[in-house]
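For reference, the structure discussed in these notes is given below.
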Amino acid sequence: MGAIQDRDQSVCDQCRATSLTVRERGRFDFMSRLCDRCWNTLANEMAEADGATAAPRPTLDPDDVTWVEPPVCPVCGAMVGVYRTIYDRWVSLAMVELPAKDVPEPFRWRLARLPDLSPTPTDIVAVRVRGIDPLPGDPVVPAHRMMCVPEWDEP
Ligand SMILES: [Zn+2]
Ligand SMILES: [Zn+2]
């Protein structure tokens with residue numbers, strides 16, 4: 001390492017390795033420079049903690065106007081909204097918003113638009129509501145997990 005920083009060499013914030021795969025990861029308030037390996041580990045940990053373990057939705061051809069069936073939960077059969085998270089994992093959310101007071105903290109999500117990263121204005125990502133507590137009446141989107149009842153589990 002010399003006194004002059006080589007701007008073309010990127011060092012991973014996590015493992016300190018210099019790698020060509022190091023780039024900025026995450027969106028909005030979550031940003032760090034990570035290599036592929038560290039990013040995948042981190043994203044998997046976040047997905048595990050958030051319950052963002054839904055199967056990804058297929059990429060839709062914007063020119064294809066055929067109606068796409070809304071996704072359903074494989075466990076209870078209810079309609080769910082499957083959204084990409086800021087760390088490129090997918091989560092099943094309820095189709096309705098609820099006041100924050102009715103949703104336990106681990107299940108609170110919000111949908112946000114990605115203004116500059118996407119060519120399609122409909123690109124919406126799911127963001128976990130954490131850190132600041134929303135007002136009791138603030139609408140949040142509950143994770144589908146909160147209301148999911150397996151059919152075989154009914155009394
Ligand atoms: Zn790394
Ligand atoms: Zn379900």
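Atoms within a ligand are numbered from 1 in the order they appear, just like the ligands themselves.
You'll find the side chain of R110 reaches within 4.5 Å of the side chain of P134, heavy atoms only. For the pair C76/H144, a side-chain contact is recorded, criterion being any heavy-atom separation below 4.5 Å from C-beta on.
The main-chain N or O of C35 is never found under 3.5 Å from a side-chain atom of S19 such that the two would form a donor-acceptor pair. In terms of modelled atom types and a separation under 3.5 Å, the side chain of D13 and the main chain of L34 share no donor-acceptor contact. In this structure a side-chain-to-backbone donor-acceptor pair under 3.5 Å is missing from R145 to F107.
The angle that C148 SG and H144 NE2 make at the Zn ion (ligand 2), rounded to 10°, works out to 110°.
Heavy atoms from other residues, nucleotides or ligands lying under 6.0 Å from CD of E105 number more than 12.
Residue-and-atom listing of protein N/O/S atoms under 2.8 Å from the Zn ion (ligand 1), sorted by chain and number: C12 SG, C15 SG, C35 SG, C38 SG.
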